[in-house]
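Structure record follows, encoded as structure tokens.
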Amino acid sequence: MFYFNEVYFGPVSGRYTSKSFGLDYLIGLVHFILFFAWSTAIDTREWAHLGASTHFVQMTALILSYDMVWLFVSWRYDASRMIKLWAAVNDITLLVMAVVFFALASVLDAIVREEIALLILALAGMVDIAEQINGKRYFENWIRSLLPEPG
């Protein structure tokens with residue numbers, strides 16, 4: 001919702017001159033459907049074969065990496081500037097979760113590793129909510145601090 005308000009309906013929406021409401025709506029709808037599928041996997045006890053992770057964790061990885069699909073199909077639009085930030089945040093979150101999950105394989109069972117990985121996701125979600133409430137850009141500032149200064 002924050003994206004649509006910023007790019008299409010908010011007071012600064014004029015700075016995004018090239019954008020595609022239909023494409024963004026379709027991508028958002030598919031993302032919503034993925035979230036619905038994710039919610040159905042919360043209580044499954046079925047284990048998959050990839051690193052002994054549950055379908056819930058696999059759906060989490062799919063949802064976190066989905067912004068890369070959105071970025072890829074929206075690359076030519078000005079609005080992709082906003083998508084880039086969240087694709088980076090989600091990919092970094094997924095990478096940290098995966099490293100923790102697989103690095104602890106020899107010392108913890110899969111359920112505990114999943115819980116630790118999901119705590120990382122919860123922390124990222126709390127920072128995101130804090131950003132939206134107070135208008136500060138913690139993730140953006142952090143990512144910019146990691147990148148070299150131009151020139």
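When every heavy atom of Leu23 is checked against every heavy atom of Val73, the shortest pair comes out as CD2-O, 3.4 Å. In plain terms, the two heavy atoms of Ala79 and Lys19 that are nearest each other are CB-CB, 4.3 Å. When all heavy atoms are compared, the tightest approach of Ser13 to Gly10 is OG-O, 2.9 Å. A pairwise comparison of heavy atoms in Ser80 and Ser74 identifies CB-O, 3.3 Å as the closest pair.
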> Could you walk me through whether Thr93 and Leu121 pass the side-chain contact (heavy atoms from CB on, under 4.5 Å) check?
Replying inline: CA-CA 7 Å; Thr93 302; Leu121 178 63; 4.2 Å; yes
> Between Glu131 and Met126, is a side-chain contact (heavy atoms from CB on, under 4.5 Å) present by the stated rule, with each step listed?
Replying inline: CA-CA 9 Å; Glu131 281 187 346; Met126 287 187 278; over 6 Å; no
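Tracing side-chain contacts under 4.5 Å through hydrophobic residues (I, L, V, M, F, W, Y), one reaches Phe9 starting from Met82; they form part of the same cluster. Under the 4.5 Å side-chain heavy-atom criterion for Ile, Leu, Val, Met, Phe, Trp and Tyr, Leu119 and Leu94 are members of distinct hydrophobic clusters. Two different hydrophobic clusters hold Phe32 and Tyr66 under the rule that ILVMFWY side chains link at heavy-atom gaps under 4.5 Å. The hydrophobic clustering, which links ILVMFWY residues whose side-chain heavy atoms are closer than 4.5 Å, places Val127 and Leu95 apart. Connection of Met59 to Val69 is established within a shared hydrophobic cluster, with ILVMFWY side chains joined at heavy-atom distances below 4.5 Å, either directly or through further cluster members.
Here the side chain of Asn90 pairs no donor or acceptor atom with the backbone of Ser65 at under 3.5 angstrom.
Side-chain contact between Val100 and Arg113: absent, with no pair of heavy atoms (C-beta onward) separated by less than 4.5 Å. Using a 4.5 Å heavy-atom threshold, the side chains of Asp91 and Leu64 count as separate.
Atoms CG and CG, on Asp109 and Leu104 in that order, are 11.0 Å from each other to the nearest 0.5 Å. For the atom pair CD1 of Ile120 and CZ of Phe101, the computed distance is 11.5 Å after rounding to the nearest 0.5 Å. Distance check: Ser39 OG to Leu34 CG gives 11.0 Å after rounding to the nearest 0.5 Å. In this structure, the separation between CG on Leu108 and CD1 on Ile116 is 5.0 Å, given to the nearest 0.5 Å. Between the CD1 atom of Ile83 and the CG atom of Leu71 there is a distance of 6.5 Å, given to the nearest 0.5 Å. The CG atom of Asp67 sits 14.0 Å away from the NZ atom of Lys84 when rounded to the nearest 0.5 Å.
Checked against ring pair (Phe, Tyr, Trp, His ring centres under 6.0 Å), Phe21 has the following partners two or more places apart in sequence or in another chain: Phe4, Tyr8. Qualifying side chain to side chain donor-acceptor pair (under 3.5 Å) partners for Tyr16, counting only residues two or more places apart in sequence or in other chains: Glu6.
Tyr3 and Trp70 have their aromatic ring centers within a separation under 6.0 angstrom.
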